[in-house]
Amino acid sequence: MNRRLVPTREDCVYTSCYCEENVWKLCDYVRKQRTAPLEHLFVIFISNETRTVPLWKQKSGHGDLPVIWDYHVILLQADQSDSLVYDLDSTLSFPCSLKLYAAQALRSESDIRPEYHRKFRVVPADSFLLNFASDRSHMRNSDGSWKMPPPTYAPICTAECQMNLDGFINMDPAICWGVVFSLNHFLQRYIGSTSSASSSSSSAARSS
């Protein structure tokens with residue numbers, strides 16, 4: 001029987017609205033437990049210039065309406081013919097095949113307004129573990145209160161940096177770590193085609 005890459009969804013370290021840290025913890029688990037080579041894992045930041053990206057099949061969604069995130073982060077395991085997605089905020093299986101995730105969670109952009117088109121910053125897991133830092137300041141209101149309760153563990157930082165989350169969210173390919181893809185190029189790279197993205201999408205993000 002194959003060993004699990006990460007714990008079951010229920011046993012993963014998870015804090016709502018801190019998806020980047022949830023994924024960092026998944027990568028850290030793999031590094032410490034050696035359940036897979038890190039070179040097969042990639043951290044995927046999903047965002048765009050307007051920071052309005054629709055995703056379906058999210059726990060915070062309602063029916064078949066998408067959730068519009070400013071950004072979202074998932075883990076991709078790309079060491080087999082069908083890449084696997086680990087998304088702790090999704091109602092899909094954990095893990096889920098990238099083909100199914102593309103069809104049900106990403107869907108096609110053919111009838112979505114350009115400002116909602118998604119971009120994907122693909123960062124090798126080892127690079128993410130070494131370089132990512134967040135002091136969680138993006139989750140504080142102007143009066144210092146929390147927008148959402150933070151994780152109970154200490155903020156993730158490096159010796160050189162306390163906060164660089166914005167660089168990962170920024171989809172300018174000239175900055176930060178990783179490679180930036182459009183939806184079609186991302187699916188071509190990790191599935192081999194773009195046909196897995198369903199043509200069905202909600203009117204909430206459709207072109208007028």
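In this structure, Asp70 and Ser47 approach most closely via the heavy-atom pair O-OG, 2.8 Å.
Residues forming a side-chain contact (heavy atoms from CB on, under 4.5 Å) with Arg9 (at least two apart in sequence, or on another chain): Lys59, Leu88, Phe94. Remark: Phe120 pairs with Phe186 by the ring pair (Phe, Tyr, Trp, His ring centres under 6.0 Å) rule, at least two apart or across chains. In this view, His72 and Trp69 satisfy the ring pair (Phe, Tyr, Trp, His ring centres under 6.0 Å) rule, not counting sequence neighbours. Scored by the ring pair (Phe, Tyr, Trp, His ring centres under 6.0 Å) test, Phe42 finds Tyr190 as partners (sequence neighbours excluded).
Enclosure of atom NZ in Lys119 is not indicated, since only 12 or fewer non-hydrogen atoms of other residues, nucleotides or ligands lie within 6.0 angstrom.
Thr35 contributes a side-chain N or O that, together with a main-chain N or O of Leu5, makes up a donor-acceptor pair within less than 3.5 Å. In this structure a side-chain-to-backbone donor-acceptor pair under 3.5 Å is missing from Glu115 to Thr52. Under a 3.5 Å cut-off, the side chain of Asn48 and the backbone N or O of His117 do form a donor-acceptor pair.
For the pair Arg121 and Phe132, the NZ or CZ position fails the cation-pi test of under 6.0 Å to the six-membered ring centre and within 45 degrees of the ring normal. Stacking of Lys57 on the aromatic ring of Tyr101 is not recorded, the 6.0 Å distance cut-off and the 45° axial limit not both being met.
Counting side-chain heavy-atom gaps under 4.5 Å among Ile, Leu, Val, Met, Phe, Trp and Tyr, the cluster of Trp146 also holds Tyr18, Met139, Met148.
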Let me check something: any side-chain donor-acceptor pairs from residues 157-168 under 3.5 Å, sequence neighbours excluded? List them with distances.
unit_1	atom_1	unit_2	atom_2	d
Thr158	OG1	Glu160	N	3.3
Thr158	OG1	Cys161	N	3.0
Asn164	OD1	Ala133	N	2.9
Asn164	ND2	Asn131	O	2.7
Asp166	OD1	Arg51	NH1	2.9
Asp166	OD1	Arg51	NH2	2.9

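Both Val6 and Trp24 are part of a single hydrophobic cluster, where members link through side-chain heavy atoms under 4.5 Å apart.
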